[in-house]
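Okay, structure first, notes after.
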Amino acid sequence: MNFRTIIEPFRIKSVESVKFTRREEREAAIQDAGFNVFRLRAEDVLIDLLTDSGTGAMSAAQWGALMQGDESYAGSRSFYRFESVVRDLTGFTHVIPTHQGRAAERILFHSVLKPGQVIPNNNHFDTTRANIEVEQCEARDLVIAEGRVPALVHPFKGNVDLAALEKTLREDGARVPLVMVTVTNNSGGGQPVSLENIRGVRALCDRYRKPLFLDACRFAENAYFIKIREAGQGDRTPKAIAQEMFSLADGCTMSAKKDGLANIGGFLAMNDDRLAETARNLLILTEGFPTYGGLAGYDLEAIARGLEEVVEEPYLRYRIRSTEYLGDKLTAAGVPTIRPSGGHAIYLDARALLPHIPPLQYPGIALTNALYVEAGIRGVEIGTVMFGLRPDGSETPGAMDLVRLAIPRRVYTQSHIDYVAEGAIEVARLKESLRGYRIVSAPTVLRHFTARFEKL
Ligand SMILES: *Cc1c(COP(=O)(O)O)cnc(C)c1O
């Protein structure tokens, strides 16, 4: 069959109602929330695109697997099933479950880092950066130059700048305990990394004798981008491509809330026996015994099944296409976004759309709040509020002012996405009437979660 319409590759067995609100109700709700969408009640949101993390819909097979959960403290059957699925996919010897991705990061970095060391990566995700900086080390972003220009189209904007990585390894190699690559590059717009680029990173790691770890949260979306965009990869299955990606690395950190298709969970995996022993000892201290790592047996079952479903081609075709479909509609209407569309989200370029609002008056907040008030859609500012606070308390514009619309997995249908496009296009049409904000109160770290704002 060769039809052009790409349909949701599932039918719906269980539904959850969404609440429709009136514009005045949303105006009151956002005011009560201090004009910060993180403070809204989720119930008051019609389409929630705050994050794709842990917000996906599980399949009937996953819900069925929950009942198979073995809750034994040690050596549970569910752990062995989870371990065998992760080993089959990644090839790594040691599989260490954690309650989510950041726990895997904390355990890895606390095990390997000494103060003053450097971790190179394409772009560090915020929790990855925080877990490196808390060890008094540097998280160094080495994405290719194209990856920093929102409107520029390039098939693999998540690629590592190999010349810059070589320079880091040559000049600071003694301070680099391992190299990381984030697939897909979340902080850079959900952009993929090519197999050729990962091979190039591997070659440099071999030359300088450094282990390579993948931040694998969206490994399946990355594998599918490789399949459709990289020369010679079109006939391979996403799973075979993913297996090759992992085979080029020595270990990985993973949040199962993304491409694990689960609502909670993660893991750390690696081949190094000594590192695994250190990591397991830390795990027991903060997460739990090595065969459950802070998860219930039923969580391990759901993740195991999720990792099998996420590499299915019909799922990935729909996943990548439905995100792109939203991006294409916005581009056709002249709404500026990061191009090309990423795997899990569309990033609106608020700074380009709202040039009359200076970065220190938070164009990303203005756009996020307008989307909520006009259409009941919740996105998130990724810009000056999130990244603009310096350690000394002063403020500087973030590199970009974006609004991320992250698409939960298997949750919304095409008509929901059509509605989102219509809402965003309508808000873009109102751009001249949007005004900036100022911060009324905010904590000194991670201020975006709880800050309160006032309209200017
Ligand atoms: C979400 C995410 C993490 C952290 O995972 P959590 O499960 O949220 O702790 C790390 N890296 C990337 C790229 C992510 O997207």
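For this chain, numbers begin at 1 and follow the sequence in order. None of the values given here were measured: they were computed from a predicted structure. Each ligand, and each atom within it, is numbered from 1 in the order the structure gives.
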>> Applying side chain to side chain donor-acceptor pair (under 3.5 Å) to Thr184 and Asn222, what does each step give before you reach the verdict?
In response: CA-CA 5 Å; Thr184 59; Asn222 199 87; 5.5 Å; no

>> Can you tell whether the side chains of Glu244 and Arg199 come within less than 4.0 Å, N to carboxylate O?
In response: yes

Look only at interatomic distance and state if [X] has a nitrogen or oxygen under 3.5 Å from any nitrogen or oxygen of ligand 1.
X: Thr127; answer: no
X: Thr184; answer: no
X: Thr182; answer: no
X: Lys257; answer: no
X: Gly101; answer: yes

> Do the side chain of Gln191 and the main chain of Asn159 share a donor and acceptor less than 3.5 angstrom apart?
Replying inline: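 Answer holds: no.
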
> Do any N or O atoms from the side chain of Ser59 and from the backbone of Gln62 form a donor-acceptor pair under 3.5 angstrom?
Replying inline: yes

>> At less than 4.0 angstrom from any non-hydrogen atom of Arg102, what atoms of ligand 1 do you find?
In response: 4 (C), 5 (O), 6 (P), 8 (O), 9 (O)

>> Out of all atoms in ligand 1, which are within 4.0 Å of some heavy atom of Gln100? Include the element for each.
In response: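 Counting from 1, the qualifying ligand atoms are 6 (P), 7 (O), 8 (O), 9 (O).
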
> Would you find more than 12 non-hydrogen atoms of other residues, nucleotides or ligands less than 6.0 Å from Gln136 atom CD?
Replying inline: no

